[in-house]
Amino acid sequence: MNAQVSSTAGHKSNIPQVLAHSPKDNVAVVVVEGLKAGTKAFGVVTEDNSTFTVDVRDDIPIGHKVALIDLADKDTVIKYGQDVGRMVASAGKGHHVHTQNMKTKRW
């Protein structure tokens, strides 16, 4: 895959905007400030250095998650290749995943 994608400013960049830790992950973490809806975000899977893109559907703050697949209520959220929580509301591919639609299973 070509590691360069168009940024929202219209120039090419190979700097990741989102990171997944494992190929098993169904969410990725936003690693840039101001990721806007409508962006085709460039992502890297840190475990194997593979790349991907995801069409971002919501403005997502840095440190928050973006869904890499459609996630339904009660689905398991996989990050770091591990179960990190469950969905309490749906989030389609490219949508924001955070406390409004995901809860940890620890409590």
Side-chain angles (χ1 to χ4, degrees):
M1 171 190 266
N2 182 347
Q4 293 192 342
V5 295
S6 294
S7 72
T8 55
H11 64 279
K12 300 284 184 178
S13 174
N14 61 356
I15 298 169
Q17 296 161 299
V18 297
L19 292 176
H21 300 278
S22 167
K24 299 174 187 174
D25 291 356
N26 57 20
V27 295
V29 177
V30 174
V31 294
V32 296
E33 293 284 351
L35 187 61
K36 299 291 184 190
T39 301
K40 182 177 283 290
F42 173 60
V44 173
V45 179
T46 60
E47 186 176 291
D48 63 9
N49 210 33
S50 62
T51 62
F52 62 93
T53 60
V54 60
D55 293 321
V56 178
R57 304 294 181 195
D58 301 310
D59 294 349
I60 305 176
I62 190 170
H64 290 213
K65 294 172 287 301
V66 60
L68 298 178
I69 63 170
D70 290 338
L71 295 167
D73 183 25
K74 297 188 180 29
D75 280 354
T76 296
V77 177
I78 304 296
K79 181 178 166 188
Y80 316 111
Q82 303 292 317
D83 176 342
V84 296
R86 72 176 167 76
M87 297 298 291
V88 295
S90 64
K93 182 177 180 178
H95 285 276
H96 186 199
V97 175
H98 198 58
T99 56
Q100 78 280 3
N101 54 16
M102 184 203 130
K103 300 293 180 204
T104 183
K105 293 180 181 176
R106 287 189 276 168
W107 293 286

Distance-only, no hydrogens or angles: does the Asp73 side chain make a donor-acceptor pair with backbone N or O of Ser90 under 3.5 Å?
no

Atom NZ of residue position Lys103 - does it have more than 12 heavy atoms of other residues, nucleotides or ligands inside 6.0 Å?
yes

Starting at CD1 of Ile62, measure out to CD of Gln17 and round the result to the nearest 0.5 Å.
11.5 Å

Take the angle between the ring planes of His98 and His64 and call it parallel below 30°, perpendicular above 60°, tilted in between.
parallel

What are the two closest heavy atoms between Ala20 and Leu68, and how far apart are they?
CB-CD1, 4.4 Å

Hphob cluster co-occupancy, Val32 + Val54, side-chain heavy atoms under 4.5 angstrom
yes

Which distance, rounded to the nearest 0.5 Å, do you find between the CZ of Phe52 and the CG of Leu19?
7.5 Å

Minimum-distance pair of heavy atoms, taken over all atoms of Val77 and Met102
CG2-CG, 3.7 Å

Within-4.5 Å side-chain heavy-atom neighbours: Asp59 and Lys36:
yes

Min side-chain heavy-atom separation Arg86-Val88 under 4.5 Å:
yes

Is it true that a side-chain atom of Asp25 and a backbone atom of Tyr80 form a donor plus acceptor pair closer than 3.5 Å?
yes

Decide whether Val66 and Met87 are clustered together by the hydrophobic rule: side chain heavy atoms of Ile, Leu, Val, Met, Phe, Trp, Tyr closer than 4.5 Å, transitively.
no

Once you round to the nearest 0.5 Å, how far does CD of Gln82 lie from NE2 of His21?
11.5 Å

Is His95 close to Leu71 at the side-chain level, that is, under 4.5 Å between some pair of heavy atoms?
no

Gly92 and Ala67 have their tightest heavy-atom pair at O-CB, 3.5 Å

Steps toward side-chain contact (heavy atoms from CB on, under 4.5 Å) verdict (Ile69, Lys93):
CA-CA 4 Å; Ile69 63 170; Lys93 182 177 180 178; 5.5 Å; no

Just verifying a value: how many Å separate His96 NE2 and Leu35 CG, rounded to the nearest 0.5 Å?
10.0 Å

Determine, using the 4.5 Å side-chain heavy-atom cutoff (strictly less than), whether Val27 and Val45 are members of one ILVMFWY cluster.
no

Ile78 backbone acceptor or donor facing Asp83 side chain under 3.5 Å
no

Spacing of Thr39 atom OG1 and Arg57 atom CZ [to the nearest 0.5 Å]:
11.0 Å

Answer yes if Val18 and Ile60 sit in the same cluster of Ile, Leu, Val, Met, Phe, Trp and Tyr residues linked by side chain heavy atoms under 4.5 Å apart, and no otherwise.
yes

Any side-chain to backbone donor/acceptor pair from Asn26 onto Thr76? Under 3.5 Å, distance only.
yes

